[in-house]
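Please read the structure below before turning to the comments.
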Amino acid sequence: VLGFELQIPHETKLLTENFKLGETGKVFLTTANGVPIVYKGIEDQKPLGTPGISEARANGFSTGRRSNADGIEVIDLYLKHPEYPWILVAEIETNEAFSGLYSLQTTLVVALIVTFAIAVVFSVFFTNLIVNPIRKLTEQMEKISYGNFDVAIDNADRKDEIGKLVQAFQRTVVSLKIAMQHLKSKQTNPN
């Protein structure tokens, strides 16, 4: 009995030493009936009565997300020892296990919202920078196509391609205006 009581703390230390268990994680041994093996007060221990114990006895292992013996939702793993009547139990509370994922999820949602906001700002910016001047130029061209050559053409002072397009259009309007005046003067004076 003394060797057994010395062995259990040593085994428990070995089991938990290389695991990142966090605050709520536990690794412990139970008997095949689910009674936790502790080195003091083993006679006072009661079987855990969790579904993982019976599944581990039947299949050799069990894992899942379920309530533990204390009624707390955990992610657990039950492994039955192939030679001895022991079951190794590892569990961690679900909230702690997924806390990193919840944090990542929050970060992702914030990043998506920021990305969407930036996309909206760029959309408004480019609409004002490119689409609106072209739309206005189209309206002015429409008026000129009906013979109204006195339309004031905006954005001719821009230094980009839109400005060059407007300047070329202005030259075309001036040429059309001169050609129309020439044509009218020839119609009034046929000589």
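Worth saying up front: this structure is predicted, and the values here are computed from it rather than measured.
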| said: A quick test of your reading: do over 12 heavy atoms of other residues, nucleotides or ligands sit less than 6.0 Å from CZ of F122? | reply: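 For F122, atom CZ is not crowded (no more than 12 foreign heavy atoms under 6.0 Å).
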Heavy-atom closest pair, residues [X] and [Y]:
X	Y	result
I53	A32	CG2-O, 3.9 Å
A97	I92	CB-CG2, 3.9 Å
N33	P47	O-CB, 3.6 Å
I130	I162	O-CD1, 3.9 Å
H182	S185	O-OG, 2.9 Å

Evaluate the side-chain proximity of [Y] to [X]: yes if any heavy-atom separation is below 4.5 Å, no if none is.
X	Y	value
F61	K80	no
L79	I87	no
D154	Q140	yes
V174	F149	no
I153	I144	yes
F126	V131	no
F98	R65	yes
T127	S123	yes

Rounded to the nearest 0.5 Å, what separates atom [atom1] in [X] from atom [atom2] in [Y]?
X	Y	atom1	atom2	answer
L104	S99	CG	OG	11.5 Å
R158	Q167	CZ	CD	11.0 Å
K136	T138	NZ	OG1	12.0 Å
I134	L165	CD1	CG	7.0 Å

| task | Applying side-chain contact (heavy atoms from CB on, under 4.5 Å), run through L137 and V166 and close with a yes or a no. | result | CA-CA 7 Å; L137 182 62; V166 169; 4.1 Å; yes
| Sub-3.5 Å donor-acceptor pair from the side chain of T172 to the main-chain atoms of A168, do we have one? |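 A pair under 3.5 Å: yes.
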| Backbone N/O of G64 and side chain of D76: donor-acceptor pair under 3.5 Å |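 Side chain of D76 to backbone of G64, a donor-acceptor pair under 3.5 Å: yes, one is there.
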| task | Would you check if there is a donor-acceptor pair between the side chains of Y78 and T30 at a distance under 3.5 Å? | result |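 Judged by distance alone, the side chains do not pair up.
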| Any donor-acceptor N or O pair under 3.5 Å, side chains E96, T24 |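 Note: E96 and T24 side chains meet the donor-acceptor criterion.
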Is [Y] reachable from [X] through a run of I, L, V, M, F, W or Y residues, each pair having side-chain heavy atoms under 4.5 Å apart?
X	Y	answer
V173	I178	no
Y146	L176	no
I118	F125	yes
F28	V74	no
W86	L77	yes

| message | Set out, in order, the CA-CA distance, both residues' side-chain angles and the distance that settles salt bridge (Lys or Arg N to Asp or Glu O under 4.0 Å) for K177 and D150, then state yes or no. | response | CA-CA 9 Å; K177 193 174 185 181; D150 296 326; 3.3 Å; yes
| E73 and R66: salt bridge (Lys or Arg N to Asp or Glu O under 4.0 Å), yes or no, with the steps? | CA-CA 5 Å; E73 187 179 29; R66 51 191 158 210; over 6 Å; no
| field | Parallel, tilted or perpendicular: ring planes of H81 versus Y84, cut at 30 and 60 degrees | value |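 H81 vs Y84 ring planes: tilted.
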